[in-house]
*Asks:* 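Just dropping this structure here.
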Amino acid sequence: MPFAGIDIGSTMTKVVIADDQEAVLAAHIGPTGVEHRHLALKVMDETVLSAGLSFEALDFIVATGYGRINVPFADKQLTEITCHARGVRALFASARMIIDIGGQDSKGIKLDGDGKVSDFVMNDKCAAGTGRFLEVIAETLGIDLAAMGDIALAADGIVQISNICTVFAEHEVTSRLAEGADVGRIAAGLHQAIATRVVNMTRRLGIEKEVVVTGGGAKNNGLVKAIEAQVGFAVLTPPEPFITGALGAALAGMDLFRRGIKPQRPRKREDVTFYS
Amino acid sequence: MSIMKQIEALYTQRGVRARELRQAGEKVIGYFCCFVPEEIITALGLIPFRIQGSQREPIDEADTLLEPMACPFARSCFNMALKGQYEFLDGFVAPHSCDTIERMYHIWRSNTPSPFNHLINVPHMMGPSSAEFYKNELHYFAGCLETFAGRKLDLEKLRQAVRLYNRRRALLRELYALRKAVPPRVSGTEITKVLVAGMGIPAAEHIDVVRAFIDEVQQRPAPRPDGLPRIFLWGNEIDDIAFIELVESCGAHVVMDDLCTGTRFFWEDVPETDDPFDGLVQKYLCTHCPRSLVPQAGGRADDLENRFGYIREFAAQWKADGAIFYIVRYCDTCELEGPDLKEYLTQQKLPVLMIEDDYSTTTMGQLRTRIQAFLEMIA
């Protein structure tokens with residue numbers, strides 16, 4: 001019994017197909033373009049192919065992420081908060097707190113003993129504390145985004161970055177560079193600034209063990225270490241942090257299916273066009 | 001014209017009736033917030049008009065005179081005044097509800113003065129001396145308004161005005177009782193329109209509107225059970241339907257509120273006392289705006305119960321499944337009260353979503369995810 005989840009984030013579109021044992025059969029990631037619908041279908045097709053299935057065989061499809069309303073072939077839309085929680089519950093039964101650092105927002109989610117959402121906070125109107133912030137600053141520093149975390153970890157010190165607004169922080173970084181500050185130390189300072197902001201936001205919910213970091217931010221070692229320094233203990237990261245939301249969407253679909261909720265229309269691949 | 005069309009017209013064209021009355025020779029007194037006794041204005045033969053902003057128009061001219069980090073509701077009201085949209089006001093009355101409104105009074109008066117301008121000093125602390133202080137302030141206000149109106153305040157007329165406004169309060173409570181049904185007989189969006197429509201017309205006319213609306217609602221077939229969550233709303237000035245409409249479109253019913261534009265301005269009656277000023281003081285001093293401080297009594301739990309017990313009762317009687325705090329940005333009093341209230345309601349097992357937003361309909365779509373996530377959480 002295969003279930004699909006599709007997570008259209010601001011930067012990346014992720015599709016996961018999972019079975020009823022909560023195992024991932026296939027997962028694909030593509031960049032979110034201007035045309036959500038077209039891309040959603042393309043990534044879905046690729047994932048279905050990798051899983052060796054047909055589109056028609058999918059028992060339930062849940063769409064999540066900020067582009068979730070642009071998935072005409074989904075049976076249900078759920079928010080990324082609910083789906084992240086479901087995905088993390090499948091990966092780490094002991095998780096009580098999620099810190100998700102996405103491309104254009106970051107969020108803190110508190111889970112109860114059953115792994116259900118009991119409270120959440122969200123920063124969704126400002127690039128501070130998001131992947132976009134790191135992207136902008138990596139460009140200013142002239143380094144590769146993927147290498148940024150390691151560069152920060154290799155630094156022998158830290159340059160304090162006091163501005164957390166992306167635009168002002170960029171100015172600040174430019175000034176520090178002009179003063180001859182070390183790129184690695186600046187990168188370390190930036191990670192600390194983001195971690196402080198995101199963790200303080202999450203603290204309002206009351207931080208409990210275990211803490212799981214998800215989203216693109218979890219792929220950045222420097223940022224994960226900076227978050228650990230803020231919370232005061234080691235955090236967990238999924239093997240593939242990008243797809244937590246899509247996995248959760250697939251499993252949330254499975255939960256609905258098991259409660260007797262069925263797709264409203266018969267699923268036919270040829271009926272799906274991105275203009276529907 | 002059907003009652004809903006009439007309400008729609010009053011809601012969308014807020015100054016129209018006041019302008020008509022003025023053309024017919026009446027004098028219109030604009031005022032801010034829930035602390036100005038409309039009864040005094042009405043008893044002197046003047047027309048009270050509650051000043052509102054516009055969440056649908058950008059704030060532009062006001063920002064040449066004010067810093068953008070000031071309360072966007074106050075800035076929006078002032079913006080409209082600068083653009084001549086409140087030119088029909090013969091009087092401008094501000095209570096010292098919060099520091100923003102108090103300062104706004106001075107800026108407003110300097111830039112767009114009305115023939116009559118008055119600031120009412122409302123005590124912030126509900127202490128033993130507050131009632132006497134506020135009574136003196138109300139006498140001072142009434143005296144100034146007498147001079148402007150050119151007539152003496154007749155206490156019998158004031159008693160009549162108290163009864164008139166109490167009649168409206170009773171009707172609005174009757175309307176709110178229709179929200180207790182599961183599902184509610186009337187939506188939060190409609191309620192907002194009815195309330196805001198009443199802010200720009202005389203109370204006697206609003207009474208007719210509310211009566212006709214209640215009759216219309218009672219003739220509707222009972223809505224089918226839908227299992228949707230029921231939301232209690234707490235915050236400040238929600239004078240536009242946009243946010244409540246958004247919550248309801250996400251699959252919920254907004255069933256009860258504690259808002260400046262909701263229960264806060266009408267829930268409690270003015271007691272009919274021998275000296276009508278005593279009754280006015282009792283009602284207006286205890287308005288549930290978080291700018292007012294109840295003296296701390298007992299321990300933490302007693303203090304929270306003392307301050308928020310009425311909200312617990314609201315939530316229980318209207319069977320709320322969750323509470324949403326919708327705070328217009330930079331409202332210090334709400335932002336500082338919010339965490340305590342959240343703690344209290346969470347203890348009562350009522351989940352809370354706290355949202356801070358600009359006073360603008362254009363940025364509201366971004367809140368959809370948070371509202372939906374909250375509804376999924378409490379489902």
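Protein chains get the first letters and strands the later ones, always in sequence-line order, with residue 1 at the start of each.
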*Asks:* Counting heavy atoms not belonging to A:Lys116, are there more than 12 under 6.0 Å from its NZ?
*Replies:*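 At most 12 heavy atoms, drawn from other residues, nucleotides or ligands, come within 6.0 Å of this atom.
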
*Asks:* I would like to know whether A:Asp105 and B:Arg370 meet salt bridge (Lys or Arg N to Asp or Glu O under 4.0 Å); could you show each step before the answer?
*Replies:* CA-CA 12 Å; A:Asp105 68 31; B:Arg370 273 194 257 187; over 6 Å; no

*Asks:* So with a 6.0 Å cut-off around CD of B:Gln296, is the heavy-atom count from everything else above 12?
*Replies:*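 No, CD of B:Gln296 has 12 or fewer neighbouring heavy atoms, counting only those of other groups under 6.0 Å.
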
*Asks:* Any non-hydrogen side-chain atom of A:Thr82 less than 4.5 Å from a side-chain atom of B:Met377?
*Replies:*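 Counting from C-beta outward, A:Thr82 and B:Met377 never come under 4.5 Å.
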
*Asks:* So how far is it from B:Thr346 OG1 to A:Asp119 CG, rounded to the nearest 0.5 Å?
*Replies:*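 Separation between the atoms: 7.0 Å.
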
*Asks:* Side chains of A:Arg68 and B:Thr369: does their closest heavy-atom pair fall under 4.5 Å?
*Replies:*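 Yes; the side chains approach each other to less than 4.5 Å.
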
*Asks:* Please look at B:Leu353 and chain A and tell me whether the side chain, the backbone, both or neither of the residue comes under 4.5 angstrom of a heavy atom of that chain.
*Replies:*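 B:Leu353 touches chain A through side-chain heavy atoms alone.
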
*Asks:* Are more than 12 heavy atoms, taken from residues, nucleotides or ligands other than B:Arg312, located less than 6.0 Å from that residue's CZ atom?
*Replies:*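 Yes, enclosed.
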
*Asks:* B:Glu376 and side-chain contact (heavy atoms from CB on, under 4.5 Å): which single residue from A:Val117, A:Leu78, A:Ile81 fits?
*Replies:*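 Output: one option passes, namely A:Leu78.
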
*Asks:* Near B:Lys319 NZ, under 6.0 Å, is it more than 12 heavy atoms from other residues, nucleotides or ligands?
*Replies:*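 Yes, the 6.0 Å shell around NZ holds more than 12 heavy atoms from other groups.
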
*Asks:* Does CD1 in A:Ile69 sit with more than 12 non-hydrogen atoms of other residues, nucleotides or ligands closer than 6.0 Å?
*Replies:*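 Open: at most 12 neighbouring heavy atoms sit under 6.0 Å from CD1 of A:Ile69.
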
